[in-house]
Amino acid sequence: MNTFMSLRSYGANAEKGNKAAEEEILRIEKLISATDPDSTVYKINNSDNEVTLQEDLVFLLNYSIDRCFETDFAFNTFLYPVTKRWGFTTGNYTVPAAQEISELLPLCNWEEGKDQLNKLSSGKAIDFGAVGKGFAGDKAIEVLKQNGVTSALLDLGGNIQLLGSKPDGTDFKIGLKNPRGGEVPVAISLSDCAVITSGGYERYFTADDGNSYIHIFDGRTGYPVKTNILSTTIISKKGLEGDFLSTASFILGKEWLTDYWNSHNRSFDFVILYEDNSITYSQGLTGRINLLQEFSWTEVIN
Ligand code: AMP
Ligand code: MG
């Protein structure tokens with residue numbers, strides 16, 4: 001990953017497990033990186049030839065395409081031509097003219113059949129930025145397990161994935177990042193799960209027009225999301241689901257997330273921090289969540 005990684009495993013198999021898990025993360029990166037010329041996704045994005053897809057890539061593409069349709073392309077794995085134009089891939093930021101965006105948007109649709117995964121139409125491109133770290137984390141946790149590790153904490157660029165509980169059997173205490181910087185606003189006691197956060201504060205630029213533009217886009221419009229949400233955090237069994245949901249809920253908001261939660265057996269939990277210093281969290285966190293600062297309003301979704 002083009003990102004900070006720290007892996008702490010406990011017990012007799014820790015060293016062996018760590019090495020194997022780190023190799024696994026690098027292996028996944030070689031499949032999914034949009035910027036590494038040797039990666040499979042780079043080859044798909046930059047050639048008109050058919051590219052041989054590895055099994056993991058086929059899985060991740062299928063998963064992502066399903067999530068695109070599930071969100072009517074608000075979550076859009078194929079938005080790369082647009083985010084690239086804004087400069088989010090290079091750091092050369094610009095605000096494109098509205099017409100340029102409307103010209104690029106048709107390239108961001110997925111109309112190909114799923115039997116054509118290995119050949120994107122010209123000009124189209126995949127970006128796994130919203131799900132890749134969660135997926136890589138899941139794969140790393142699997143490898144740790146295969147190596148006999150039963151307790152570990154993996155931090156992949158701020159995505160936390162926990163294997164088991166702490167060596168002494170108690171829960172890990174995970175602090176959420178303060179989107180404004182400064183003290184940890186919330187801590188949660190957890191084991192055996194992923195804790196994945198999305199927020200505009202992670203990457204943005206301020207343009208000559210005085211406005212700030214963030215790295216999370218509405219895939220339907222081609223514009224950075226405008227929202228009163230500072231960050232969304234998902235606590236889920238799998239990192240991939242959490243990574244998808246953190247991004248999707250940042251784009252689509254609390255009502256959407258609450259509906260999704262209810263229609264998916266409340267099988268995950270969530271925390272939303274807002275600009276007005278209020279907080280929303282799901283009831284499954286009651287007894288585990290510790291609010292470490294004053295909030296203007298606390299809402300628990302039941
Ligand atoms: P995350 O930090 O997991 O929320 O992912 C953010 C990253 O996902 C961005 O930096 C982009 O690479 C990518 N991205 C931005 N907007 C979207 C979107 N609407 N759908 C899917 N991926 C996106
Ligand atoms: Mg995500």
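Just follow the structure's listing: the first ligand is 1, and inside any ligand the first atom is 1.
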- Do Leu144 and Leu7 come close enough that some side-chain heavy atom pair is under 4.5 Å? yes
- How close does the nearest protein non-hydrogen atom get to atom 15 (C) of ligand 1, and which residue and atom is it? His215 O, 3.2 Å
- Message: I'd like to check whether Asp243 has a polar contact with ligand 1, where a contact means an N/O of the residue lying under 3.5 Å from an N/O of the ligand.
- Response: yes
- With atoms numbered from 1 as shown, which atoms in ligand 1 lie under 4.0 angstrom from a non-hydrogen atom of Phe75? 20 (N), 21 (C)
- Backbone or side chain, does any N or O of Ser198 fall under 3.5 Å from an N or O of ligand 1? yes
- Query: For atom 16 (N) of ligand 1, what is the nearest protein heavy atom, given as residue, atom name and distance?
  - Reply: Phe217 N, 3.0 Å
- Query: Got Tyr274 and Ile279 here, is their nearest side-chain heavy-atom distance under 4.5 Å?
  - Reply: no
- Classify the angle between the aromatic ring planes of Phe69 and Phe73 as parallel (below 30°), tilted (30 to 60°) or perpendicular (above 60°). perpendicular
- Query: At what distance is the nearest protein heavy atom to atom 5 (O) of ligand 1, and which residue and atom is it?
  - Reply: Ala130 CA, 3.3 Å
- Message: Quick check: do Trp297 and Asn277 have side-chain heavy atoms less than 4.5 Å from each other?
- Response: no
- Query: Taking the inter-plane angle between the rings of Tyr93 and Phe205 on a 0 to 90° scale, is it parallel (under 30°), tilted (30 to 60°) or perpendicular (over 60°)?
  - Reply: parallel
For residues 145-155, dump all side-chain donor-acceptor pairs below 3.5 Å to protein atoms at least two apart in sequence or in another chain.
residue	atom	partner	partner atom	Å
Asn147	ND2	Val143	O	2.8
Ser151	OG	Ser165	O	2.8
Asp155	OD1	Gly158	N	2.8

- Message: Is it the case that the side chain of Thr206 and the backbone of Gly210 share a donor-acceptor pair, with hydrogens and angles ignored and the cut-off at 3.5 Å?
- Response: no
- Does a side-chain heavy-atom distance below 4.5 Å link Ser231 with Leu273? yes
- Task: Indicate yes or no for a side-chain donor-acceptor contact from Thr83 to the backbone of Phe88 under 3.5 Å, with no hydrogens or angles considered.
- Result: no
- Task: Give every protein N, O or S atom lying under 2.8 Å from the Mg ion (ligand 2), naming each by residue and atom.
- Result: Ala130 O, Asp243 O, Asp243 OD1, Thr247 OG1
- Please examine the side chains of Thr40 and Ile32, heavy atoms only from C-beta on, and report whether any two atoms are closer than 4.5 Å. no
- Query: CD of Glu299: more than 12 outside heavy atoms within 6.0 angstrom?
  - Reply: yes
- Item | Any N or O of Ala74 closer than 3.5 Å to N or O of ligand 1 | yes
- Message: Between ligand 1 and Cys68, can you find any atom pair, the residue atom being a heavy atom, that is separated by under 4.0 Å?
- Response: no
- Message: Looking only at distances, can you tell me whether any N or O atom of Ile216, backbone or side chain, sits closer than 3.5 Å to an N or O atom of ligand 1?
- Response: no
- Query: If we only count N/O pairs under 3.5 Å, is Thr247 in contact with ligand 1?
  - Reply: yes
- Query: Where is the nearest protein heavy atom to atom 13 (C) of ligand 1: which residue, which atom, and how far?
  - Reply: Asp127 OD2, 3.5 Å
- Measure Arg203 to ligand 1 on non-hydrogen atoms and call it side chain, backbone, both or neither using the 4.0 Å cut-off. side chain
- Does Thr83 have a heavy atom less than 4.0 Å from any atom of ligand 1? no
- Item | Protein contact to atom 20 (N) of ligand 1 [nearest heavy atom, distance to 0.1 Å] | Asn76 N, 2.7 Å
- Task: Could you tell me how the ring of Trp110 sits relative to the ring of Phe78: parallel (under 30°), tilted (30 to 60°) or perpendicular (over 60°)?
- Result: parallel
- From OH (Tyr201) to CD1 (Ile216), nearest 0.5 Å: 9.0 Å
- Note on the structure: Near Glu202 (heavy-atom distance under 4.0 Å), the atoms of ligand 1 are 2 (O)
- Identify whether Tyr80 and Phe217 are in the same connected component of the hydrophobic contact network (ILVMFWY, side-chain heavy atoms under 4.5 Å). no
- Counting heavy atoms only, which part of Ile196 comes closer than 4.0 Å to ligand 1: side chain, backbone, both or neither? neither
